[in-house]
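First comes the structure, then the notes that go with it.
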2 protein chains.
Amino acid sequence: MSDRSNIKDVSALAGVSVKTVSRVLNGHRYVSQDTRERVEKAMQELEFRPSVAARILAGNKSGQIALIYDNHSPYYMNQVQMGCWEACQASNSRLLAQPVDVGDAMVGEQVRGLVTETHVDGVVLSSPVTDCAPVLKALEGMDIPFVRISPGTNHAMTSSVFMDDAQAADDMTSYLIAQGHRKIGFIRGHSSHMASEERLFGYRRALDRAGLPFEPALVAPGEFDFDSGVAAAHLFLNGPTRPSAIFASNDDMAAGVLSVAHDMGLSVPQDLSVAGFDDTTLARMVWPQLTTIHQPTREMAFAATQLLLQGAQLTHRRLQHDLIERASVAPVNPDLLSSQDLS
Amino acid sequence: MSDRSNIKDVSALAGVSVKTVSRVLNGHRYVSQDTRERVEKAMQELEFRPSVAARILAGNKSGQIALIYDNHSPYYMNQVQMGCWEACQASNSRLLAQPVDVGDAMVGEQVRGLVTETHVDGVVLSSPVTDCAPVLKALEGMDIPFVRISPGTNHAMTSSVFMDDAQAADDMTSYLIAQGHRKIGFIRGHSSHMASEERLFGYRRALDRAGLPFEPALVAPGEFDFDSGVAAAHLFLNGPTRPSAIFASNDDMAAGVLSVAHDMGLSVPQDLSVAGFDDTTLARMVWPQLTTIHQPTREMAFAATQLLLQGAQLTHRRLQHDLIERASVAPVNPDLLSSQDLS
DNA sequence: CTGTTAGCGCTTTCAA
DNA sequence: TTGAAAGCGCTAACAG
């Protein structure tokens with residue numbers, strides 16, 4: 001705070017009123033070219049930087065938005081932060097990234113506090129805060145715009161950015177079919193997430209289009225966690241209708257399947273193909289043999305932030321996913337299914 | 001901004017002056033128990049939240065600090081953010097996390113702008129911004145306290161928190177040597193991080209002490225990301241001087257090496273030992289076969305932030321690293337090195 | 001196109 | 001232990 005100069009200093013140096021300086025600062029029209037230049041020169045000379053605090057207090061917008069997240073995967077959050085950050089850069093806004101604990105009984109209050117204390121103009125919610133009831137309720141009661149990235153529920157409630165889960169699941173299923181698989185186990189996602197239903201639908205649609213029968217025995221329940229994947233893998237691999245490929249609705253469950261496959265001495269993908277959704281790019285790194293649907297996390301964050309900053313009314317944007325094939329998922333060799341490999 | 005209540009509303013409801021409310025807000029002494037309770041009740045009733053902007057403008061401290069970083073590894077940044085965040089929580093401060101590009105010619109100006117615009121009370125610098133001359137110069141010229149996490153240069157300049165990178169790399173290298181390895185590939189870190197040089201030094205020192213030759217061909221460049229690890233692994237494993245162990249300067253790169261090893265059908269650690277620095281515990285969980293130097297990143301960030309918030313004068317704290325051995329890294333079996341395993 | 005005058009919501013003197 | 005008044009640096013009406 002050594003020698004901060006203020007708008008008054010600038011106006012004095014430039015020989016104009018403070019209001020004129022303010023106009024220049026905010027890019028208003030109706031400032032003569034000559035005046036504008038004089039003011040800008042003065043600002044430069046004094047290294048003038050407008051106080052955000054003062055602008056907030058005087059005006060009605062802060063130029064700040066908040067990103068609220070509950071940190072699950074570093075990679076996921078990194079992508080989200082970068083996406084939001086880039087959009088803010090482009091709009092000359094500041095980003096306040098605030099972690100919360102969606103399990104905390106006080107989350108709603110925390111968010112309310114954050115918003116009123118900092119005067120942010122809007123809020124970006126990333127999963128799983130997107131579906132955290134206390135937070136949504138707090139935000140709705142505050143008359144502040146917010147956008148959600150991949151909301152699982154209540155799509156109609158706010159603007160949101162998401163991907164086409166049904167198509168993604170369809171793509172992956174079709175890919176597996178093209179590899180020669182005929183019995184493909186599917187592990188559902190958590191029932192509270194809209195995406196789970198969508199993915200199941202996509203799976204069925206692909207089977208249907210390929211003329212393959214839908215077998216209920218090849219669908220296992222799941223809750224998006226590692227243990228669900230383990231349970232489902234046991235169900236499939238020890239059951240009567242043994243699939244040659246297992247498609248999990250997210251990467252944690254796919255990890256569970258891989259773990260079981262490994263324990264049983266099965267090689268992936270020679271003995272069993274495992275596919276999953278990939279939130280983070282991490283899964284791909286960790287398990288190169290995993291073929292995944294890559295979710296465009298960063299792009300979604302960017303788009304969501306853009307939507308918020310542009311003040312778009314209730315807009316929904318669907319972004320494209322990618323199917324990322326890492327290892328060649330070998331066509332099924334039924335003989336191999338029973339052999340006990342080394343590895 | 002629907003119905004924000006202000007300090008005046010509170011004072012009216014509580015039947016006291018605004019100054020008294022302010023006193024309660026700031027935890028001043030000299031407020032009678034009775035008055036304090038009345039005020040607190042009024043605040044609660046009105047869901048009062050003090051405007052940060054107003055407090056900044058009126059007072060001389062903002063209750064905000066900035067964390068400035070240049071995002072190289074998501075894991076690393078996640079840990080840094082969490083550490084800073086926790087320290088802020090404890091001190092009731094707000095954290096502004098701001099990415100910058102240390103290569104940008106304007107980075108100094110950007111930081112200067114950030115500081116004066118937001119009125120932050122202090123700044124935490126994480127590597128490699130810790131050693132970014134334009135930023136350091138800008139900060140020094142502003143009379144604002146700042147603390148550095150793992151600075152590579154000018155230790156005496158500011159308070160800092162760091163670990164002994166050379167010793168850590170030395171420890172790991174010595175460990176690998178003790179396991180019987182004689183050819184140990186080393187993957188350097190990003191050149192903008194001073195720690196990279198330290199680690200290379202530690203690697204060389206350990207070799208030297210053990211009487212092993214330093215072979216330039218066993219040092220690969222790296223940029224702290226997954227792809228660097230992949231590239232380096234290819235370089236080593238397909239090159240003429242094939243090492244029996246690869247030591248990566250961070251965990252993202254170690255992951256890349258593991259991925260390649262897997263693709264090539266090599267078992268770790270039977271065919272190839274892989275070691276790395278580790279910002280989180282995640283890498284260790286995912287790859288139990290990985291031996292790592294655990295960097296107390298989060299702890300360093302926490303300590304640095306604490307130092308800043310407590311206004312400690314020129315303090316340096318060195319935190320201890322740990323060598324975490326996960327799987328028994330089998331002594332080298334040269335025969336295995338050329339065999340192409342199934343797996 | 002430009003200037004004047006009130007505040008925004010708080011903290012800080014200075015009194016009581 | 002409490003209160004009254006004067007700003008902090010800016011923007012928002014209103015004038016000119």
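Protein chains get the first letters and strands the later ones, always in sequence-line order, with residue 1 at the start of each. Small disclaimer: the values here were computed from a predicted structure and weren't measured.
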Which of dG7(C), dT2(C), dT11(C) is nearest the side chain of I7(B)? It is dT11(C)

Separation of dC1(C) atom C1' from D34(A) atom CG, nearest Å, is 12 Å

note: K61(B), atom NZ; dT12(C), atom P; distance rounded to Å ~ 10 Å

From CZ of R4(B) across to P of dC8(C) the rounded distance in Å is 13 Å

So SG of C84(A) and CD of Q306(A): to nearest 0.5 Å the spacing works out to 11.0 Å

Terminal axes of the helix from dC1(C)-dG16(D) to dA16(C)-dT1(D) (5 end pairs apiece), angle rounded to 10 degrees, sit apart by 30°

| said: Base, sugar-phosphate or nothing for R49(B)? Non-hydrogen atoms, less than 4.0 Å. | reply: sugar-phosphate

In whole angstroms, the gap separating P of dT2(C) from CD of Q33(A) amounts to 11 Å

Whole-Å distance, H28(B) NE2 to dC10(C) P, equals 15 Å

Open item on the list: A side-chain contact here means heavy atoms from C-beta on lying under 4.5 Å apart; do M163(B) and Q295(B) qualify?
Closed with: yes

Return yes if a side-chain donor-acceptor contact under 3.5 Å exists between H190(B) and S196(B), otherwise no. no

**Prompt:** If you measure only the distance, is there a donor-acceptor pair under 3.5 Å linking the side chains of H119(B) and S51(A)?
**Reply:** yes

In this structure, NZ of K137(B) is separated from CE of M142(B) (nearest 0.5 Å) by 13.0 Å

Heavy-atom distance under 4.5 Å between the side chains of R94(B) and C88(B), does that happen here? no

Whole-Å distance, L57(B) CG to dC10(C) P, equals 12 Å

So, is T20(A) close to the dG3(C) phosphate, meaning a side-chain N or O under 4.0 Å from OP1 or OP2? yes

Counted 5' to 3', the first and last nucleotides of DNA chain D within 4.0 Å (strictly under) of a heavy-atom of chain B are dT1(D) to dG9(D)

Heavy-atom count check: over 12 atoms from other residues, nucleotides or ligands less than 6.0 Å from R317(A) CZ? no

### Query
Can you check whether T35(A) has a side-chain N or O nearer than 4.0 Å to OP1 or OP2 of dT2(C)?
yes

The side chain to side chain donor-acceptor pair (under 3.5 Å) partners of S32(A) (sequence neighbours excluded) come to T35(A)

On a heavy-atom basis, the closest approach of Q81(A) and L95(A) is O-CD2, 4.3 Å

Of I56(B) and S17(B), the one whose nearest nucleotide on DNA chain D sits closer to the 5' end is S17(B)

Atom NZ of K8(B) and atom P of dT11(C) are separated, to the nearest Å, by 15 Å

Of G15(A) and A53(B), the one whose nearest nucleotide on DNA chain C sits closer to the 5' end is G15(A)

